[in-house]
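So the structure is just underneath, and the comments pick up after that.
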Protein chains: 2
Amino acid sequence: MRRTGDVLGPLVTRLAAIGSLTESDIDALLALPYTLREGKPGWEIVREGDRPSQCCLILDGTFGRFKMAAQGAKQIVSYHIRGDLPDLQSCFLPAMDHTLSALTVGTVAFIPHAAIRHILEETPLLGAKLLRESFIDSSVTREWLCNVGRRSSESRIAHLICEMFTRHRAAGHVDQFTFPFGLTQVAISDSQGMSTVHVNRVLQKLKANKLISSHAKSKAITILDWEGLQAVGDFDPRYLHILH
Amino acid sequence: MRRTGDVLGPLVTRLAAIGSLTESDIDALLALPYTLREGKPGWEIVREGDRPSQCCLILDGTFGRFKMAAQGAKQIVSYHIRGDLPDLQSCFLPAMDHTLSALTVGTVAFIPHAAIRHILEETPLLGAKLLRESFIDSSVTREWLCNVGRRSSESRIAHLICEMFTRHRAAGHVDQFTFPFGLTQVAISDSQGMSTVHVNRVLQKLKANKLISSHAKSKAITILDWEGLQAVGDFDPRYLHILH
DNA sequence: CGCCGGTTTGAAGAATTTCAAAGGGAGTGG
DNA sequence: CCACTCCCTTTGAAATTCTTCAAACCGGCG
């Protein structure tokens with residue numbers, strides 16, 4: 001990867017992981033205008049109902065998109081890490097139908113819609129590579145639906161860990177089988193449609209079965225048995241559409 | 001709506017429901033090349049793993065996209081009716097990550113990827129209107145995830161009925177509060193992550209509470225109490241992004 | 001030191017699944 | 001035209017998973 005020292009390097013890394021990029025693609029991406037911003041857990045970058053004029057590129061940290069159901073129930077519909085463009089849709093649908101917020105400390109770059117539209121209209125081949133990111137995001141949401149709808153709680157959480165490991169690995173975030181996992185058990189429960197208590201018990205079970213271990217201090221997880229975890233989680237990475 | 005007698009009229013109706021179309025947009029859409037095909041329940045139009053070279057426009061019937069989880073568990077991730085373009089993503093992601101199949105008898109038009117790509121590249125403004133359909137599809141999937149993850153079974157099914165009613169109404173398929181609903185209870189259970197037995201009981205409860213009534217013969221549902229059904233289903237149609 | 005968010009534990013209760021079987025309606029073949 | 005079959009719906013009852021509630025614990029930080 002060239003010039004990953006650039007601020008927008010994570011975007012290049014991400015798009016390169018899911019499609020091929022030409023030199024001029026990379027130049028165009030790295031030349032995008034942006035504004036940097038940092039925040040702590042709970043920071044709401046865009047809220048349901050907002051009509052943003054810029055897209056958000058995740059540079060560091062873990063972010064989530066969520067919707068509220070009746071009686072304060074929260075459903076996190078996706079997690080986002082370095083290189084993700086979680087709200088490209090806002091270029092196409094004016095009003096946000098969910099909220100994007102920070103789950104850990106993190107940094108994002110805001111890229112004006114106008115700059116994105118310019119790419120989509122003037123260089124549609126590069127535009128298609130950006131859109132691919134969004135289509136993969138949809139694919140991930142479908143897999144999550146499958147997870148919540150049809151997998152046991154143990155399988156669900158194993159699947160989530162497999163997914164986050166695979167995505168962090170593609171983002172170059174992984175040391176062997178250890179990767180950053182700053183999600184609280186509350187966040188996990190809100191994404192998997194279960195209670196916090198149950199998340200806690202399932203995590204204990206995964207640890208007891210020597211599939212994972214966690215390091216509270218470093219907020220990281222180590223996968224002890226990758227094959228076993230994938231089997232328990234019914235995990236097949238094809239839905240992530242990451243090039244091999 | 002002009003020229004809705006045209007075979008591709010449902011596409012025009014759909015895109016007009018979610019965005020404005022110019023005369024030349026309509027002409028370009030109606031001039032798209034296509035192949036017609038009909039099928040019965042169980043017909044698999046595109047399968048997981050396929051690399052199709054055309055997109056599928058639904059002209060009649062109800063279709064579903066589904067994924068398989070371990071041990072034969074099926075998760076339906078979306079329903080599709082007249083005017084939907086359920087696999088526009090196949091223009092961007094070569095391999096299908098799910099299967100599209102017919103849930104009732106139905107008719108589709110296949111439109112070659114090349115023709116879609118031509119629109120996206122040559123008339124990006126019209127292309128954006130096509131893409132909007134896909135972004136709304138993602139929004140619907142997120143709402144389903146919220147449904148399955150965080151709503152009670154009664155709320156879930158009420159929500160589903162509200163959604164299908166609203167979509168059918170936008171497609172011009174509705175007579176007062178009666179609309180075609182050809183889904184079996186098995187299909188409902190596979191989409192809502194519950195057992196068939198439970199779906200049956202919840203439907204009985206909705207009927208007992210005078211929220212809906214069903215007509216087995218005509219495979220249709222009548223909503224008896226639209227306000228009440230929306231309240232039970234925690235339904236807010238904004239996620240459908242249908243213009244008022 | 002004490003607070004605070006997050007994690008862990010126990011126990012009771014509710015929602016939902018599973019299993020098993022019967023009932024109903026539409027279409028098919030004899 | 002009847003009998004038969006198939007798919008879908010409906011019912012009952014037991015078993016299980018998961019939630020809820022309530023409280024304790026734990027570690028970092030002001």
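Each chain gets a letter, A, B and so on, in the order the sequences are listed, and its residues count up from 1.
- When ring centroids are compared, A:Phe181 and A:Phe165 stay outside the 6.0 Å threshold.
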Practice problem: Any chance you could list the contact pattern along nucleotides 5-19 of chain C? Use B for base contacts, S for sugar-phosphate-only contacts and - for none, protein heavy atoms under 4.0 Å, 5' to 3'. | Solution: -SSBBBB----SBBB
Let me check something: any side-chain donor-acceptor pairs from residues 64-78 of chain B under 3.5 Å, sequence neighbours excluded? List them with distances.
unit_1	atom_1	unit_2	atom_2	d
B:Arg65	NE	B:Ser78	OG	2.8
B:Arg65	NE	B:His80	NE2	3.2
B:Arg65	NH1	B:Pro86	O	3.0
B:Arg65	NH2	B:Ser78	OG	3.4
B:Arg65	NH2	B:Asp137	OD1	3.1
B:Arg65	NH2	B:Asp137	OD2	2.6
B:Lys67	NZ	A:Glu143	OE1	2.6
B:Gln75	NE2	B:Asp190	O	3.3
B:Gln75	NE2	B:Ser191	O	3.0
B:Ser78	OG	B:His80	NE2	2.7

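- Scored by the side chain to side chain contact (heavy atoms under 4.5 Å, CB included) test, A:Thr107 finds A:Leu36, A:Glu38, A:Leu59, A:Asp60 as partners (sequence neighbours excluded).
- Legend: salt bridge (charged side-chain N to carboxylate O under 4.0 Å, His left out) pairs involving residues 168-187 of chain A, not counting sequence neighbours: none detected.
- When the ring pair (Phe, Tyr, Trp, His ring centres under 6.0 Å) test is applied to B:His198, no partner is found at least two apart in sequence or on another chain.
- Residues satisfying the ring pair (Phe, Tyr, Trp, His ring centres under 6.0 Å) criterion with B:His241, sequence neighbours excluded, are absent altogether.
- Contacts of A:Arg37 classified as side-chain hydrogen bond (donor to acceptor under 3.5 Å, both in side chains), with partners at least two apart in sequence or in another chain: none.
- Between A:Gln71 atom CD and D:dT19 atom P there is a gap of 15 Å when expressed in whole angstrom units.
- Rounded to an integer number of Å, the gap from NZ of A:Lys40 to C1' of C:dC4 is 14 Å.
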Could you list all N or O pairs between the protein and nucleotides 23-30 of chain D that sit under 3.5 Å apart?
none

Return a table of donor-acceptor pairs under 3.5 angstrom between the side chains of residues 43-54 of chain B and protein atoms on other chains or two or more places apart.
unit_1	atom_1	unit_2	atom_2	d
B:Glu44	OE1	B:Arg47	NE	2.7
B:Asp50	OD2	B:Arg47	N	2.8

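- If one axis is set at each end of the helix from C:dC1-D:dG30 to C:dG30-D:dC1 from five pairs, those axes are 30° apart, to 10°.
- For A:Tyr79, the ring pair (Phe, Tyr, Trp, His ring centres under 6.0 Å) partners are A:Trp144, not counting sequence neighbours.
- Partners of B:His159 under the ring pair (Phe, Tyr, Trp, His ring centres under 6.0 Å) rule, at least two apart in sequence or in another chain, are B:Phe235, B:Tyr239.
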